[in-house]
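Have a look at the structure below before the remarks.
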There are 2 protein chains.
Amino acid sequence: MARTSDHRVRVELIEQAAALLATDEPLTLRAVAERSGTSTMAVYTHFGGMPGLREAVRNEGFRRLVARLEGIDDTEDPVRDLAALGAAYVRHGIAHPHLYRAMFDPGTGLENEEVAAEGLLRLTQAAERARADGRFRSEPVDVAIRQWIAGHGLLDLVLRGVLPATSAAAHGASLTLGVFLAAGDEPERCRLSVTEGWSSIAEHGR
Amino acid sequence: MARTSDHRVRVELIEQAAALLATDEPLTLRAVAERSGTSTMAVYTHFGGMPGLREAVRNEGFRRLVARLEGIDDTEDPVRDLAALGAAYVRHGIAHPHLYRAMFDPGTGLENEEVAAEGLLRLTQAAERARADGRFRSEPVDVAIRQWIAGHGLLDLVLRGVLPATSAAAHGASLTLGVFLAAGDEPERCRLSVTEGWSSIAEHGR
DNA sequence: CCTCATTTCATATCGTTGTTATGGCAATGC
DNA sequence: GCATTGCCATAACAACGATATGAAATGAGG
């Protein structure tokens, strides 16, 4: 076989596709090929077609998001950590709107289900620690899913322009607080943990 | 001018477009024209093009959703009513997945912003009553927005197939409970109101 | 070093999509 | 009764994704 491992073209195509999305230009087969310095056939040899390329971009988006979440370190307050993970999720989405939008666009989703589950696992682990500490009574995975739902709903409405980005922090913190209260946490401690967890991310910028 | 008011073709086009979406067929210009018994130009005379038709379908979706919400009658428990509105929202989206998806698909959104605000107003009014009864401390419109965020996030993830539809009720009720707890309601009363409000809708079917 | 199988991609073409141009037709206002 | 005006059928166009075909490049076996 010729060229066993040399994805230079492959990663270039993904990169240029993401660049097109980031600049609001329509993601078209010919545009990606031209900007990558190759021809349209390259997309077919590497991804089998345009849907394959889109899926590759989507997986790249999930990878970056999970990497971002894994950059959040545990502290002795798991509720704070879970709030910090939710805040990082929302801020990452706002910082990379087109990539986040692409992550939830089309079709199947085999590989990205794995990496999405990997990201959700991180939330679940924090919820498990919170339950071990006696602060949550609900099933940890349910708490994680509900915070994901809240973050995704907030992000989706903000990125569609129906809610202003300036209100994201207030709504996000309040929703997180509600999820934790419904899970059984004590109101005062909970409010403190959520405030800490959410503000701990604010500095990071993007 | 010929034929001052006769939208027969207009509503037929919208109807057939919605029918295409409902059967998972691709919404294409020629398909809509053929199924409506007319030609492609009709779409341009009535909607100015394909985006205009899509927007008309979207507005129709909003109208139906708001009509559904306005079918929820007030009781003496505003918290229960607000929960019932959220439940109706989620159930309606699950019952009409393609229409709900179309509502949040493309671009501008002038007219539908009005009708969307009209639907949100209904939630806000219930939250205002809850605040007048001393059960909520938060700003009513914020409570309404947060329940909308939760419902939309849940609906979006369910309709994309990442969450099973069977789990929608449990997550929806828990998220609603959390929003109300974060707004300041008393836990026991709140849990009762949410349970009542959510189950009051179950019978209605679609 | 030569050959040959295999991968990769450049060119050309096709089917389908949304859009525009053109003209006929029917209904309305004077 | 006639011109005007809105409505739509027909046809052509541009752009898109997809496919066919063949040339160039690469690595393995003798």
Side-chain angles (χ1 to χ4, degrees), chain A residues 1-60 98 101-109, chain B residues 1-60 98 101-109:
Chain A
M1 61 187 68
R3 275 202 178 287
T4 69
S5 69
D6 185 2
H7 343 293
R8 276 177 304 184
V9 183
R10 192 186 153 85
V11 307
E12 180 74 13
L13 286 170
I14 297 180
E15 200 164 322
Q16 294 301 326
L20 281 175
L21 288 179
T23 53
D24 253 319
E25 298 170 77
L27 178 49
T28 162
L29 170 65
R30 289 170 174 80
V32 185
E34 187 177 3
R35 290 183 58 146
S36 301
T38 178
S39 184
T40 66
M41 279 305 299
V43 174
Y44 285 84
T45 62
H46 289 289
F47 305 101
M50 208 58 187
L53 176 60
R54 290 182 192 273
E55 180 170 335
V57 171
R58 197 174 49 193
N59 287 343
E60 177 66 20
H98 301 276
R101 178 63 54 85
M103 287 167 53
F104 290 95
D105 255 330
T108 69
Chain B
M1 59 187 68
R3 280 204 175 283
T4 68
S5 70
D6 185 2
H7 338 293
R8 276 176 306 185
V9 184
R10 190 186 155 85
V11 306
E12 180 73 13
L13 286 170
I14 296 180
E15 200 164 321
Q16 293 302 327
L20 281 176
L21 288 180
T23 53
D24 252 320
E25 297 170 79
L27 178 49
T28 163
L29 171 65
R30 287 169 175 80
V32 186
E34 187 177 3
R35 291 184 56 147
S36 301
T38 178
S39 185
T40 66
M41 280 304 300
V43 174
Y44 284 82
T45 61
H46 288 289
F47 305 101
M50 208 57 188
L53 175 60
R54 291 181 191 274
E55 179 170 337
V57 172
R58 196 173 51 194
N59 287 344
E60 176 65 20
H98 301 276
R101 178 64 53 86
M103 286 167 53
F104 290 94
D105 256 332
T108 70

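Lettering follows sequence order; numbering is per chain, from 1.
The side chain of His46(A) places no N or O atom within less than 4.0 Å of a non-bridging phosphate oxygen (OP1 or OP2) of dT7(C). Contact check, Thr45(A) against dC9(C): a side-chain N or O comes under 4.0 Å of OP1 or OP2. Between Ser39(B) and dC8(D) there is no side-chain polar atom (N or O) within less than 4.0 angstrom of OP1 or OP2.
Every residue was checked against the salt bridge (charged side-chain N to carboxylate O under 4.0 Å, His left out) condition with Glu12(B), not counting sequence neighbours, and none meets it. Under the rule for a side chain to side chain contact (heavy atoms under 4.5 Å, CB included), the partners of Ala33(A) that lie at least two apart in sequence or sit in another chain are Thr40(A). Listed by chain and residue number, Leu20(B), Thr28(B) satisfy the side chain to side chain contact (heavy atoms under 4.5 Å, CB included) test with Ala31(B) (two or more places apart in sequence, or in another chain).
Rounded to whole Å, the distance from CZ on Arg8(B) to C1' on dC7(D) is 12 Å. Rounded to whole angstrom, the span from the CE atom of Met41(A) across to the C1' atom of dT19(D) amounts to 8 Å. Atom CZ in Phe47(B) sits about 19 Å away from atom C1' in dT20(C), given to the nearest Å. For the pair Leu13(A) CG and dT8(C) C1', the computed distance is 12 Å after rounding to whole Å.
With rounding to the nearest 0.5 Å, the separation of CZ in Arg54(B) from CG in Leu27(B) is 4.5 Å. Note that CE of Met103(B) and CD of Glu60(B) are 11.0 Å apart. Values are rounded to the nearest 0.5 Å.
Sequence neighbours left out, the pairs with a member in residues 20-44 of chain A that pass salt bridge (charged side-chain N to carboxylate O under 4.0 Å, His left out) are Glu25(A)-Arg35(A).
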Expected rows: protein N/O vs nucleotides 14-18 of chain D N/O, under 3.5 Å:
from	atom 1	to	atom 2	distance (Å)
dC16(D)	O5'	Thr28(A)	OG1	3.4
dG17(D)	OP1	Leu29(A)	N	3.0
dG17(D)	OP2	Thr28(A)	OG1	2.9
dG17(D)	OP2	Leu29(A)	N	2.5
dG17(D)	N7	Arg30(A)	NH1	2.8
dG17(D)	N7	Arg30(A)	NH2	3.4
dG17(D)	O6	Arg30(A)	NH2	2.9
dA18(D)	OP2	Tyr44(A)	OH	2.8
dA18(D)	OP2	Met50(A)	N	3.0
dA18(D)	O5'	Tyr44(A)	OH	3.0

